[in-house]
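Below you'll find the structure, written out as C-alpha coordinates, and then a few comments.
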2 protein chains.
Amino acid sequence: MRRVTTRSKEATHERIVETAARAIRRSGYDGTSVADIMKEAGLTHGGFYAHFLSREAMLAEAADRAGAEAVALSTHIAATAPPDEALQCMVRAYLSKEHLENAEMGCPVAALGSEMPRQAPEVRKAATRRIKEMIDVIARQSPDWGQPGAHQQALVTAATMVGTMVMARAVDDPKLSDALLEAALDHLAPA
Amino acid sequence: MRRVTTRSKEATHERIVETAARAIRRSGYDGTSVADIMKEAGLTHGGFYAHFLSREAMLAEAADRAGAEAVALSTHIAATAPPDEALQCMVRAYLSKEHLENAEMGCPVAALGSEMPRQAPEVRKAATRRIKEMIDVIARQSPDWGQPGAHQQALVTAATMVGTMVMARAVDDPKLSDALLEAALDHLAPA
DNA sequence: AAACAAATATGATGATCATCATATGAGACG
DNA sequence: CGTCTCATATGATGATCATCATATTTGTTT
(Lines give C-alpha, C1' and ligand atoms only; values in the text may rest on other atoms or scores of the structure.)
Protein backbone atom coordinates (compact mmCIF):
# COMPACT_ATOMS: atom_id res chain seq x y z
CA MET A 1 0.00 0.00 0.00
CA ARG A 2 1.48 3.25 -1.13
CA ARG A 3 0.83 6.74 0.07
CA VAL A 4 -1.14 8.53 -2.60
CA THR A 5 0.59 11.82 -2.07
CA THR A 6 2.94 13.60 0.22
CA ARG A 7 1.30 14.41 3.50
CA SER A 8 2.85 16.22 6.36
CA LYS A 9 2.68 14.48 9.66
CA GLU A 10 0.49 17.25 11.00
CA ALA A 11 -2.10 16.78 8.28
CA THR A 12 -2.24 13.07 9.04
CA HIS A 13 -2.57 13.76 12.76
CA GLU A 14 -5.43 16.09 11.95
CA ARG A 15 -7.11 13.46 9.83
CA ILE A 16 -6.87 10.85 12.58
CA VAL A 17 -8.37 13.23 15.14
CA GLU A 18 -11.19 14.15 12.80
CA THR A 19 -11.90 10.49 12.08
CA ALA A 20 -11.82 9.67 15.78
CA ALA A 21 -14.15 12.55 16.63
CA ARG A 22 -16.74 10.93 14.40
CA ALA A 23 -15.98 7.35 15.45
CA ILE A 24 -16.42 7.95 19.18
CA ARG A 25 -19.80 9.57 18.65
CA ARG A 26 -20.87 6.64 16.48
CA SER A 27 -19.46 3.75 18.53
CA GLY A 28 -18.70 5.18 21.95
CA TYR A 29 -15.34 5.54 23.70
CA ASP A 30 -15.17 1.86 24.61
CA GLY A 31 -16.40 0.74 21.23
CA THR A 32 -13.70 2.51 19.27
CA SER A 33 -10.38 0.70 18.86
CA VAL A 34 -7.11 2.21 17.73
CA ALA A 35 -7.08 -0.12 14.72
CA ASP A 36 -10.64 0.89 13.76
CA ILE A 37 -9.78 4.55 13.68
CA MET A 38 -6.55 4.10 11.78
CA LYS A 39 -8.23 1.95 9.16
CA GLU A 40 -11.05 4.48 8.79
CA ALA A 41 -8.42 7.16 8.32
CA GLY A 42 -6.79 5.07 5.58
CA LEU A 43 -3.75 4.03 7.63
CA THR A 44 -2.49 0.96 9.43
CA HIS A 45 -2.53 0.58 13.17
CA GLY A 46 1.23 0.57 13.67
CA GLY A 47 1.88 4.22 12.98
CA PHE A 48 -0.56 5.34 15.65
CA TYR A 49 2.00 5.90 18.38
CA ALA A 50 4.01 8.21 16.17
CA HIS A 51 1.06 10.59 16.51
CA PHE A 52 -0.21 10.08 20.06
CA LEU A 53 1.30 9.26 23.42
CA SER A 54 -1.54 6.87 24.17
CA ARG A 55 -5.04 5.92 23.14
CA GLU A 56 -6.37 8.10 25.94
CA ALA A 57 -4.48 11.14 24.70
CA MET A 58 -6.06 10.62 21.29
CA LEU A 59 -9.53 10.30 22.82
CA ALA A 60 -8.99 13.58 24.61
CA GLU A 61 -8.10 15.30 21.35
CA ALA A 62 -11.06 13.70 19.61
CA ALA A 63 -13.48 14.72 22.36
CA ASP A 64 -12.15 18.26 22.27
CA ARG A 65 -12.54 18.35 18.51
CA ALA A 66 -16.11 17.08 18.62
CA GLY A 67 -16.97 19.66 21.26
CA ALA A 68 -15.34 22.47 19.35
CA GLU A 69 -17.28 21.57 16.22
CA ALA A 70 -20.56 21.53 18.11
CA VAL A 71 -19.86 24.94 19.66
CA ALA A 72 -18.88 26.35 16.28
CA LEU A 73 -22.02 25.05 14.61
CA SER A 74 -24.29 26.42 17.34
CA THR A 75 -22.56 29.76 17.22
CA HIS A 76 -23.01 29.89 13.48
CA ILE A 77 -26.71 29.02 13.71
CA ALA A 78 -27.24 31.73 16.30
CA ALA A 79 -25.31 34.28 14.27
CA THR A 80 -27.21 33.71 11.04
CA ALA A 81 -30.69 33.54 12.62
CA PRO A 82 -33.08 36.51 12.76
CA PRO A 83 -31.91 38.40 15.85
CA ASP A 84 -34.90 37.58 18.07
CA GLU A 85 -35.12 33.94 17.00
CA ALA A 86 -31.57 32.78 17.65
CA LEU A 87 -32.42 30.51 20.59
CA GLN A 88 -35.43 29.05 18.77
CA CYS A 89 -33.28 28.24 15.75
CA MET A 90 -30.62 26.56 17.90
CA VAL A 91 -33.21 24.49 19.74
CA ARG A 92 -34.94 23.49 16.51
CA ALA A 93 -31.67 22.40 14.91
CA TYR A 94 -30.75 20.43 18.02
CA LEU A 95 -34.11 18.70 18.38
CA SER A 96 -34.37 17.85 14.69
CA LYS A 97 -34.72 14.44 13.08
CA GLU A 98 -31.43 15.01 11.27
CA HIS A 99 -29.63 15.37 14.58
CA LEU A 100 -31.47 12.36 16.01
CA GLU A 101 -30.25 10.20 13.15
CA ASN A 102 -26.75 11.64 12.84
CA ALA A 103 -25.15 11.20 16.21
CA GLU A 104 -21.77 10.85 14.51
CA MET A 105 -21.83 14.49 13.44
CA GLY A 106 -23.85 15.85 16.36
CA CYS A 107 -23.61 16.87 19.98
CA PRO A 108 -20.95 14.84 21.78
CA VAL A 109 -22.71 15.21 25.13
CA ALA A 110 -25.80 13.49 23.76
CA ALA A 111 -23.65 10.86 22.06
CA LEU A 112 -21.18 10.21 24.88
CA GLY A 113 -22.63 11.77 28.03
CA SER A 114 -23.16 8.66 30.08
CA GLU A 115 -19.70 7.33 29.22
CA MET A 116 -17.97 10.51 30.40
CA PRO A 117 -17.71 9.70 34.13
CA ARG A 118 -15.41 6.77 33.34
CA GLN A 119 -13.08 8.59 30.97
CA ALA A 120 -9.51 9.67 31.61
CA PRO A 121 -9.08 13.05 33.34
CA GLU A 122 -7.76 14.65 30.16
CA VAL A 123 -10.91 13.59 28.29
CA ARG A 124 -13.25 14.92 30.96
CA LYS A 125 -11.31 18.14 31.19
CA ALA A 126 -11.66 18.86 27.48
CA ALA A 127 -15.33 17.91 27.54
CA THR A 128 -16.05 20.14 30.54
CA ARG A 129 -14.46 23.12 28.85
CA ARG A 130 -16.54 22.65 25.71
CA ILE A 131 -19.72 22.13 27.73
CA LYS A 132 -19.14 25.45 29.48
CA GLU A 133 -18.65 27.13 26.12
CA MET A 134 -21.89 25.61 24.87
CA ILE A 135 -23.80 26.82 27.91
CA ASP A 136 -22.44 30.31 27.33
CA VAL A 137 -23.57 30.24 23.71
CA ILE A 138 -27.07 29.36 24.90
CA ALA A 139 -27.07 31.97 27.68
CA ARG A 140 -26.10 34.72 25.23
CA GLN A 141 -29.27 34.10 23.20
CA SER A 142 -31.50 34.72 26.20
CA PRO A 143 -33.61 37.91 25.97
CA ASP A 144 -32.33 38.88 29.44
CA TRP A 145 -28.68 38.04 28.90
CA GLY A 146 -26.61 39.40 31.75
CA GLN A 147 -29.42 39.32 34.28
CA PRO A 148 -28.92 36.85 37.11
CA GLY A 149 -31.34 34.16 35.99
CA ALA A 150 -30.15 33.88 32.40
CA HIS A 151 -27.24 31.57 33.11
CA GLN A 152 -29.35 29.33 35.34
CA GLN A 153 -31.98 29.19 32.61
CA ALA A 154 -29.30 28.22 30.08
CA LEU A 155 -28.25 25.29 32.28
CA VAL A 156 -31.81 23.99 32.33
CA THR A 157 -32.25 24.52 28.61
CA ALA A 158 -29.04 22.65 27.82
CA ALA A 159 -29.97 19.78 30.12
CA THR A 160 -33.41 19.49 28.57
CA MET A 161 -31.98 19.40 25.07
CA VAL A 162 -29.37 16.80 25.98
CA GLY A 163 -31.80 14.64 27.94
CA THR A 164 -34.37 14.75 25.17
CA MET A 165 -31.85 13.65 22.53
CA VAL A 166 -30.39 10.91 24.74
CA MET A 167 -33.82 9.49 25.47
CA ALA A 168 -35.10 9.87 21.91
CA ARG A 169 -32.09 7.91 20.66
CA ALA A 170 -32.22 5.36 23.45
CA VAL A 171 -35.73 4.05 22.88
CA ASP A 172 -36.59 1.68 20.04
CA ASP A 173 -40.04 3.16 19.43
CA PRO A 174 -40.00 5.91 16.80
CA LYS A 175 -43.34 7.23 18.02
CA LEU A 176 -41.89 7.85 21.46
CA SER A 177 -38.78 9.45 19.95
CA ASP A 178 -41.00 11.81 17.99
CA ALA A 179 -43.13 12.59 21.02
CA LEU A 180 -40.04 13.44 23.07
CA LEU A 181 -38.68 15.80 20.42
CA GLU A 182 -42.08 17.43 19.89
CA ALA A 183 -42.74 17.91 23.59
CA ALA A 184 -39.34 19.51 24.15
CA LEU A 185 -39.77 21.71 21.07
CA ASP A 186 -43.14 22.94 22.35
CA HIS A 187 -41.56 23.63 25.70
CA LEU A 188 -38.33 25.32 24.59
CA ALA A 189 -39.20 26.88 21.26
CA PRO A 190 -42.99 27.33 21.05
CA ALA A 191 -44.23 28.04 17.54
CA MET B 1 -13.44 -23.10 46.27
CA ARG B 2 -16.55 -24.59 47.83
CA ARG B 3 -20.07 -23.33 47.79
CA VAL B 4 -20.92 -22.14 51.26
CA THR B 5 -24.44 -23.41 51.17
CA THR B 6 -27.00 -25.02 48.93
CA ARG B 7 -28.34 -22.59 46.38
CA SER B 8 -30.93 -23.28 43.79
CA LYS B 9 -30.05 -22.39 40.25
CA GLU B 10 -32.77 -19.78 40.19
CA ALA B 11 -31.35 -17.99 43.19
CA THR B 12 -27.92 -17.91 41.56
CA HIS B 13 -29.41 -16.62 38.31
CA GLU B 14 -31.13 -13.92 40.32
CA ARG B 15 -27.90 -13.00 42.03
CA ILE B 16 -26.04 -12.72 38.74
CA VAL B 17 -28.74 -10.47 37.26
CA GLU B 18 -28.74 -8.28 40.34
CA THR B 19 -24.94 -8.02 40.25
CA ALA B 20 -25.01 -7.21 36.55
CA ALA B 21 -27.71 -4.56 37.01
CA ARG B 22 -25.29 -2.74 39.28
CA ALA B 23 -22.19 -3.44 37.20
CA ILE B 24 -23.57 -2.04 33.95
CA ARG B 25 -24.58 1.21 35.64
CA ARG B 26 -21.12 1.50 37.17
CA SER B 27 -18.99 0.46 34.19
CA GLY B 28 -21.26 0.69 31.15
CA TYR B 29 -22.41 -2.09 28.85
CA ASP B 30 -19.09 -2.26 27.02
CA GLY B 31 -17.08 -1.99 30.20
CA THR B 32 -18.66 -4.98 31.87
CA SER B 33 -17.24 -8.40 31.03
CA VAL B 34 -18.84 -11.75 31.73
CA ALA B 35 -15.92 -12.70 33.95
CA ASP B 36 -16.21 -9.43 35.92
CA ILE B 37 -19.84 -10.04 36.75
CA MET B 38 -19.36 -13.67 37.68
CA LYS B 39 -16.47 -12.84 39.97
CA GLU B 40 -18.47 -10.05 41.60
CA ALA B 41 -21.30 -12.54 42.13
CA GLY B 42 -18.84 -14.92 43.81
CA LEU B 43 -18.69 -17.39 40.92
CA THR B 44 -16.29 -18.36 38.16
CA HIS B 45 -16.77 -17.42 34.55
CA GLY B 46 -17.38 -20.93 33.21
CA GLY B 47 -20.81 -21.49 34.64
CA PHE B 48 -22.20 -18.41 32.99
CA TYR B 49 -23.70 -20.15 29.99
CA ALA B 50 -25.66 -22.48 32.19
CA HIS B 51 -27.65 -19.39 33.16
CA PHE B 52 -27.84 -17.31 29.98
CA LEU B 53 -28.01 -17.98 26.27
CA SER B 54 -25.53 -15.21 25.59
CA ARG B 55 -23.94 -12.15 27.12
CA GLU B 56 -26.53 -10.02 25.35
CA ALA B 57 -29.41 -11.97 26.85
CA MET B 58 -27.94 -11.33 30.28
CA LEU B 59 -27.52 -7.61 29.56
CA ALA B 60 -31.18 -7.47 28.58
CA GLU B 61 -32.20 -9.04 31.88
CA ALA B 62 -29.89 -6.71 33.79
CA ALA B 63 -31.20 -3.62 32.01
CA ASP B 64 -34.75 -4.71 32.68
CA ARG B 65 -33.94 -5.28 36.33
CA ALA B 66 -32.30 -1.90 36.72
CA GLY B 67 -35.28 -0.22 35.08
CA ALA B 68 -37.77 -2.10 37.23
CA GLU B 69 -35.93 -1.06 40.38
CA ALA B 70 -35.93 2.58 39.34
CA VAL B 71 -39.64 2.50 38.57
CA ALA B 72 -40.37 0.79 41.88
CA LEU B 73 -38.33 3.32 43.84
CA SER B 74 -40.00 6.28 42.14
CA THR B 75 -43.43 4.79 42.69
CA HIS B 76 -42.63 4.29 46.35
CA ILE B 77 -41.38 7.86 46.76
CA ALA B 78 -44.52 9.21 45.12
CA ALA B 79 -46.78 7.00 47.21
CA THR B 80 -45.24 7.98 50.55
CA ALA B 81 -45.01 11.72 49.83
CA PRO B 82 -47.59 14.24 50.98
CA PRO B 83 -50.28 14.05 48.29
CA ASP B 84 -49.63 17.43 46.69
CA GLU B 85 -45.83 17.13 46.82
CA ALA B 86 -45.32 13.79 45.11
CA LEU B 87 -43.70 15.22 41.98
CA GLN B 88 -41.49 17.57 44.00
CA CYS B 89 -40.29 14.66 46.15
CA MET B 90 -39.49 12.55 43.12
CA VAL B 91 -37.59 15.37 41.46
CA ARG B 92 -35.67 16.17 44.64
CA ALA B 93 -34.65 12.54 45.10
CA TYR B 94 -33.58 12.31 41.48
CA LEU B 95 -31.57 15.53 41.47
CA SER B 96 -29.87 14.79 44.79
CA LYS B 97 -26.18 14.51 45.51
CA GLU B 98 -26.72 10.91 46.61
CA HIS B 99 -28.03 10.03 43.18
CA LEU B 100 -25.24 11.97 41.50
CA GLU B 101 -22.65 9.93 43.36
CA ASN B 102 -24.39 6.57 43.21
CA ALA B 103 -24.93 5.85 39.56
CA GLU B 104 -24.62 2.14 40.29
CA MET B 105 -27.89 2.16 42.23
CA GLY B 106 -29.60 4.94 40.30
CA CYS B 107 -31.46 5.70 37.11
CA PRO B 108 -30.26 3.44 34.29
CA VAL B 109 -31.16 6.01 31.65
CA ALA B 110 -28.80 8.53 33.20
CA ALA B 111 -26.12 5.86 33.65
CA LEU B 112 -26.45 4.15 30.26
CA GLY B 113 -28.50 6.43 28.03
CA SER B 114 -25.91 7.27 25.43
CA GLU B 115 -24.86 3.62 25.10
CA MET B 116 -28.41 2.46 24.42
CA PRO B 117 -28.52 3.09 20.64
CA ARG B 118 -25.79 0.47 20.13
CA GLN B 119 -27.28 -2.27 22.27
CA ALA B 120 -28.94 -5.47 21.13
CA PRO B 121 -32.65 -5.23 20.25
CA GLU B 122 -33.64 -7.20 23.34
CA VAL B 123 -31.80 -4.70 25.56
CA ARG B 124 -33.40 -1.68 23.91
CA LYS B 125 -36.81 -3.28 24.08
CA ALA B 126 -36.60 -3.82 27.82
CA ALA B 127 -35.24 -0.33 28.37
CA THR B 128 -37.98 1.25 26.28
CA ARG B 129 -40.67 -0.51 28.25
CA ARG B 130 -39.24 0.66 31.56
CA ILE B 131 -38.81 4.20 30.26
CA LYS B 132 -42.49 4.31 29.31
CA GLU B 133 -43.41 3.09 32.78
CA MET B 134 -41.26 5.80 34.32
CA ILE B 135 -42.87 8.50 32.20
CA ASP B 136 -46.29 7.26 33.31
CA VAL B 137 -45.23 7.44 36.96
CA ILE B 138 -44.24 11.06 36.42
CA ALA B 139 -47.38 11.92 34.46
CA ARG B 140 -49.59 10.56 37.24
CA GLN B 141 -48.13 13.07 39.69
CA SER B 142 -49.16 16.02 37.54
CA PRO B 143 -51.90 18.20 39.04
CA ASP B 144 -53.81 17.90 35.77
CA TRP B 145 -53.33 14.19 35.20
CA GLY B 146 -55.55 13.02 32.40
CA GLN B 147 -55.71 16.37 30.66
CA PRO B 148 -54.06 16.44 27.23
CA GLY B 149 -50.86 18.30 28.18
CA ALA B 150 -49.92 16.21 31.19
CA HIS B 151 -48.22 13.43 29.28
CA GLN B 152 -46.30 15.91 27.12
CA GLN B 153 -45.22 17.72 30.25
CA ALA B 154 -44.04 14.45 31.76
CA LEU B 155 -41.84 13.81 28.72
CA VAL B 156 -40.17 17.17 29.16
CA THR B 157 -39.76 16.69 32.89
CA ALA B 158 -38.17 13.26 32.43
CA ALA B 159 -35.82 14.56 29.75
CA THR B 160 -34.76 17.49 31.92
CA MET B 161 -34.04 15.22 34.88
CA VAL B 162 -32.05 12.76 32.77
CA GLY B 163 -30.11 15.46 30.93
CA THR B 164 -29.27 17.24 34.16
CA MET B 165 -27.93 14.08 35.78
CA VAL B 166 -25.97 13.05 32.67
CA MET B 167 -24.32 16.46 32.41
CA ALA B 168 -23.71 16.82 36.15
CA ARG B 169 -21.91 13.47 36.15
CA ALA B 170 -20.07 14.13 32.90
CA VAL B 171 -18.25 17.29 33.92
CA ASP B 172 -15.20 17.26 36.18
CA ASP B 173 -16.08 20.53 37.91
CA PRO B 174 -18.14 19.99 41.09
CA LYS B 175 -19.28 23.64 41.03
CA LEU B 176 -20.83 23.13 37.62
CA SER B 177 -22.41 19.84 38.73
CA ASP B 178 -23.98 21.65 41.67
CA ALA B 179 -25.17 24.51 39.51
CA LEU B 180 -26.83 22.11 37.09
CA LEU B 181 -28.66 20.29 39.86
CA GLU B 182 -29.71 23.53 41.54
CA ALA B 183 -30.93 25.12 38.35
CA ALA B 184 -33.02 22.09 37.45
CA LEU B 185 -34.39 21.87 40.99
CA ASP B 186 -35.45 25.51 40.87
CA HIS B 187 -37.08 24.88 37.53
CA LEU B 188 -38.86 21.59 38.26
CA ALA B 189 -39.50 21.70 42.00
CA PRO B 190 -39.40 25.32 43.16
CA ALA B 191 -39.13 25.69 46.93
C1' DA C 1 -22.63 -45.27 52.50
C1' DA C 2 -22.77 -45.44 47.35
C1' DA C 3 -24.32 -43.62 43.23
C1' DC C 4 -26.68 -40.26 40.58
C1' DA C 5 -28.10 -35.67 38.86
C1' DA C 6 -27.64 -31.01 38.77
C1' DA C 7 -24.79 -26.91 39.57
C1' DT C 8 -20.53 -24.91 39.30
C1' DA C 9 -15.34 -24.92 38.36
C1' DT C 10 -11.27 -25.61 35.39
C1' DG C 11 -9.17 -24.98 31.43
C1' DA C 12 -8.94 -24.25 26.39
C1' DT C 13 -9.88 -21.73 21.91
C1' DG C 14 -9.79 -18.22 18.73
C1' DA C 15 -10.68 -13.35 18.37
C1' DT C 16 -9.56 -8.70 19.48
C1' DC C 17 -7.04 -5.30 21.86
C1' DA C 18 -3.16 -1.60 23.11
C1' DT C 19 1.39 -1.12 22.57
C1' DC C 20 5.95 -1.46 20.69
C1' DA C 21 10.14 -2.95 17.79
C1' DT C 22 11.64 -2.95 13.45
C1' DA C 23 11.32 -2.76 8.31
C1' DT C 24 10.10 -0.23 4.13
C1' DG C 25 9.57 3.21 0.99
C1' DA C 26 9.00 8.03 -0.46
C1' DG C 27 10.49 12.76 -0.76
C1' DA C 28 14.35 15.98 -0.03
C1' DC C 29 18.78 17.22 -0.86
C1' DG C 30 23.35 16.59 -2.27
C1' DC D 1 21.47 9.67 -9.51
C1' DG D 2 22.34 8.32 -4.82
C1' DT D 3 21.72 8.76 -0.01
C1' DC D 4 19.51 10.16 4.15
C1' DT D 5 15.58 11.02 7.00
C1' DC D 6 11.23 10.52 8.46
C1' DA D 7 6.40 8.96 7.97
C1' DT D 8 4.08 4.95 7.70
C1' DA D 9 3.71 -0.31 7.35
C1' DT D 10 4.54 -5.01 8.97
C1' DG D 11 4.55 -7.98 12.40
C1' DA D 12 4.98 -9.49 17.24
C1' DT D 13 3.66 -9.57 22.29
C1' DG D 14 0.97 -10.26 26.17
C1' DA D 15 -3.55 -9.19 27.94
C1' DT D 16 -8.43 -9.67 27.85
C1' DC D 17 -12.58 -11.26 25.90
C1' DA D 18 -16.93 -14.44 24.81
C1' DT D 19 -17.85 -18.96 24.39
C1' DC D 20 -17.62 -23.85 25.03
C1' DA D 21 -16.04 -28.71 26.42
C1' DT D 22 -15.12 -31.19 30.18
C1' DA D 23 -14.16 -32.10 35.08
C1' DT D 24 -15.47 -31.71 39.85
C1' DT D 25 -18.31 -31.10 43.68
C1' DT D 26 -22.59 -30.99 46.25
C1' DG D 27 -27.20 -32.44 47.73
C1' DT D 28 -30.16 -36.13 47.13
C1' DT D 29 -31.73 -40.66 46.56
C1' DT D 30 -31.19 -45.28 47.43
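A note on names: the letters A, B, ... follow the listed sequences, proteins ahead of strands, and every chain is numbered from 1.
For A/Ser54 and C/dA18, the shortest distance from a side-chain N or O to OP1 or OP2 is not below 4.0 Å. Contact check, B/His51 against C/dT8: a side-chain N or O comes under 4.0 Å of OP1 or OP2. Checking the phosphate oxygens (OP1, OP2) of C/dA7, no side-chain nitrogen or oxygen of B/Ser8 falls inside 4.0 Å.
If you take CZ of A/Phe48 and P of D/dT10, they are 18 Å apart, rounded to a whole angstrom. Rounded to an integer number of Å, the gap from B/Leu59 CG to D/dC17 P is 14 Å. In this structure, A/Glu14 atom CD and D/dT8 atom P are separated by 13 Å, rounded to whole Å. Taking atom NZ of residue B/Lys9 and atom P of nucleotide C/dA6, one finds them 10 Å apart after rounding to whole Å. Atom CG of B/Asp30 and atom C1' of D/dA18 are 13 Å apart (whole Å). Put simply, CE on B/Met38 is 8 Å from P on C/dT8, counting in whole angstrom units. As rounded to whole Å, 13 Å separates atom P of C/dA18 from atom CZ of A/Phe52. Distance CD1 (B/Ile16) to C1' (C/dA9): 13 Å, rounded to an integer number of Å.
Contact annotation: the side chain of B/Glu69 approaches that of B/Glu18 to within less than 4.5 Å [non-hydrogen atoms, C-beta and beyond]. Contact check for B/Val171 versus B/Ser177: side-chain heavy atoms found under the 4.5 Å cut-off.
Between A/His45 and B/Glu10, the residue whose closest nucleotide on DNA chain C is further toward the 5' end is B/Glu10.
Counted by atom type alone, B/Asp172 and A/Thr128 present one or more donor-acceptor pairs between their side chains at under 3.5 Å.
The side chain of A/Ala50 lies closest to D/dT8 when the candidates are D/dA18, D/dT8, C/dA18. For A/Leu43, whose side chain is taken as the heavy atoms from C-beta onward, the closest listed nucleotide among D/dA18, D/dA9, D/dA7 is D/dA9. In this structure, of D/dC17, C/dT10, D/dA9, it is D/dC17 that holds the atom nearest to the side chain of B/Asp36.
Nucleic acid contact for A/His13: none, since no nucleic acid atom lies under 4.0 Å from a heavy atom of the residue.
For A/Ala60, the side chain to side chain contact (heavy atoms under 4.5 Å, CB included) partners two or more places apart in sequence, or in a different chain, are A/Glu122, A/Val123.
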Listed pairs, N/O of protein and of nucleotides 14-16 of chain D, under 3.5 Å:
none

Scan the side chains in residues 178-190 of chain A for donor-acceptor partners under 3.5 Å anywhere in the protein, sequence neighbours excluded, and list what turns up.
unit_1, atom_1, unit_2, atom_2, d
A/Asp178, OD1, A/Lys97, NZ, 3.2
A/Asp178, OD2, A/Lys97, NZ, 3.4

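Taking CZ of B/Arg124 as the reference point, atom CD1 of B/Ile131 lies at 9.5 Å (rounded to 0.5 Å).
Ring pair A/His99/A/Tyr94 is perpendicular by interplanar angle, where above 60° counts as perpendicular and below 30° as parallel.
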